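Comments concern the structure below.
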Number of protein chains: 2
Amino acid sequence: MTARPLKRPPVLADVARAAGVSVPTVSRVLSGVTRVSDDKRVQVMRAIEELGYHPNAAARALVTGQRSIIGVLTGDTTRYGYASTIQGIEEAARSAGLVVAITVVGAADEDAVRAAVGLALGQPLAGVIVLEFDIQGSRALAALPDTVAVAAVSSTAGNGRIPRALFDDHQGGWDATNYLLGLGHRTVHHVAVPGSGRPSGRMLGWREALKAAGAPVPRPLETDWTARSGYDAALRLAKRDDVTAVLCGNDEVAFGVIKGLQDAGLRVPDDISVAGFDDHPLAQLWTPALTTMAQDFAELGRSAVGFLLGRLTGDQFEAPSANLHLVVRDSTAPPRPAAAS
Amino acid sequence: MTARPLKRPPVLADVARAAGVSVPTVSRVLSGVTRVSDDKRVQVMRAIEELGYHPNAAARALVTGQRSIIGVLTGDTTRYGYASTIQGIEEAARSAGLVVAITVVGAADEDAVRAAVGLALGQPLAGVIVLEFDIQGSRALAALPDTVAVAAVSSTAGNGRIPRALFDDHQGGWDATNYLLGLGHRTVHHVAVPGSGRPSGRMLGWREALKAAGAPVPRPLETDWTARSGYDAALRLAKRDDVTAVLCGNDEVAFGVIKGLQDAGLRVPDDISVAGFDDHPLAQLWTPALTTMAQDFAELGRSAVGFLLGRLTGDQFEAPSANLHLVVRDSTAPPRPAAAS
DNA sequence: CTGAAAGCGCTTACAG
DNA sequence: CTGAAAGCGCTTACAG
């Protein structure tokens, strides 16, 4: 680090000295609230420019109580849904002049949750947004004290104390399953992603749709979110002869399932139909192109910021987002006559 | 936001009062530097627990000069390489007790860069890490004053003033091209991703390898990083008859290229070989499984944090990371006898 | 070991 | 319009 010696960052007093005015005057120029004479304003601006001054947000936050950081607590940052939601949060935050501080909750045990929450709360936060996509998210949400403003992105409504940008997982599972049933499949198997403690909404929707149709409810297979684990699940599925349609917990898993089935010598959708969840950018380029429940994660992230900043309330509060819809592509089809019998 | 009334967060003085001690004593318990009598320590701990006290990092940063935020300036957060790098940064930061604040540089124009940099510098930063993967990154790096500690993740060495975790793009392009040439292809076409202002290192490596082998250097096709634009490029490539091998700027683009070629009626690798860059998690599940230059982005991110915290210096400083290596899978093969002639 | 005092860099009343 | 003063929540010498 010797390569780049750091100067002491200039502070307000340096600017004041360089401009020949008092400290409060510089502050006024910066905030623009009170009028400042033109000549002083000009001198101050020039001094700021020359010194490369940037106000110290810590000091500012200390006195105004104004916080310019939105904390995000999440179990992951790289998977499609997570990354897109974070992208939406960052966009909305930036346009509100806020920065996004991310803390990953690395595990669901008490220590990890407590450490992550403590780390986040150690910052001067305007509020925190929790991605309640998994257990880590749920635990983090529960561990947050009521001294911070909180909003969540969730698939299930809570107790109403915390505003949530909701995606209607349950409805999605129901719709996707009914679509597959409507194609003529006797039942639909489910390859599940980890839920946030309890069964995921999409799994519940899937189960209810089967029951409502009087279809048998096969035991769901579990994955760890990865395409690889979807692949492994598919290998098990391929050994059975009662499988004609599979609904996957997300698209990455669906990609793995398709590949696994293909490697086992089965054709998708001719032998088995596969549907996913999320509408991953690669879904339309997969072979076959993946039928999936599309969700607008970035919009969800933006809504959460809206809730946090108090710009969204009322009927949008905990109301399911209307952005969920089925995108039918080539990975689903009616069962083959033989299998459908 | 009325759903969840906020209490005023407890401050040190509240804890001191509750524990019946002075403010500095609480501070000492927290920091653990100076000895504090056991009974007072216990009372303080209890008060902290009961009140749910979290120290105000802004106030702490103000007096100690210790900053607990690493700012990350990046052009994107969702694409594989970016997201993985950020993941590595977050991991290393968290284990050092730091939080990661992300600011996306939305565009390369001066206003956008200045706004993003200003937003980031407005925080009490321990330092900033710039992802120099694109023009936005380069511009942001250039716009940073020398009052902040900076590290970058880059593919090209700089002037030595800023520590960079390097990935040797240039070598990667060279190696991948030579591998394809070694298979017997007369030349290799290139579908490029946007560089950071100048041609990307991988493109340079590709070009040099062709020249060194005396192979013709076809004009590269440009994309915007997306699989979709790779698909479009493939459609153009498919119309030519001199294409037998294609090196893509990244895997997402390669996925699109493969799909585009297939949709145009060509077989990969029988008619045309395709190789990518990065080793995206879906590369091994693609059909055909993608041959690609693997890069350990998370490690790059961790190194950048190491540089920033001054834990990494000397020979690792601006030294290419050794993690770049070719992973040969099924998307590449020798040219067909006819085409190779 | 522990408390009173000073100060980090800012902003906000308070006087002029 | 503008400066001197006080204070945000902490930590760090300084005295005891």
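Note on naming: letters A, B, ... go to the chains in the order of the sequence lines (proteins, then strands), and numbering restarts at 1 for each one. All values derive from a computational prediction rather than experimental measurement.
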Under 6.0 Å between ring centres: does that hold for B:Tyr80 and B:Trp225? no
Please report the closest heavy-atom contact between A:Leu98 and A:Ile70, naming both atoms and the distance. CD1-CD1, 3.7 Å
Under-4.0 Å salt bridge between A:Arg302 and A:Glu299: yes
Would you give a per-nucleotide map of nucleotides 2-9 of chain C, 5' to 3', where B means the base has a protein non-hydrogen atom under 4.0 Å away, S means only the sugar-phosphate does, and - means neither? BBBB-BBB
Thinking salt bridges, do A:Asp14 and A:Arg17 make one under a 4.0 Å N-O criterion? yes
Structure string for DNA chain D in dot-bracket form, Watson-Crick and G-U at under 3.5 Å, | interchain: |||.||||||||.|||
With a 4.5 Å limit on heavy-atom distance, are the side chains of B:Ile86 and B:Leu131 in contact? yes
Partner of B:Leu73 by side-chain contact (heavy atoms from CB on, under 4.5 Å), out of B:Leu121, B:Leu141, B:Leu144: B:Leu144
Taking B:Arg139 first and then B:Glu110, would you say they form a salt bridge - that is, a charged N and a carboxylate O separated by under 4.0 Å? no
Below 4.5 Å, heavy atoms only, C-beta onward: do A:Ser68 and B:Gln123 meet side chain to side chain? yes
Quick check on contacts: within residues 115-128 of chain A, what sits under 4.0 Å from DNA chain C by heavy-atom distance? none
Could you pull out the closest heavy-atom pair between A:Ile69 and B:Ile69, with the gap in Å? CD1-CD1, 3.5 Å
Side-chain donor-acceptor pair under 3.5 Å between A:Glu90 and B:Thr77, yes or no? no
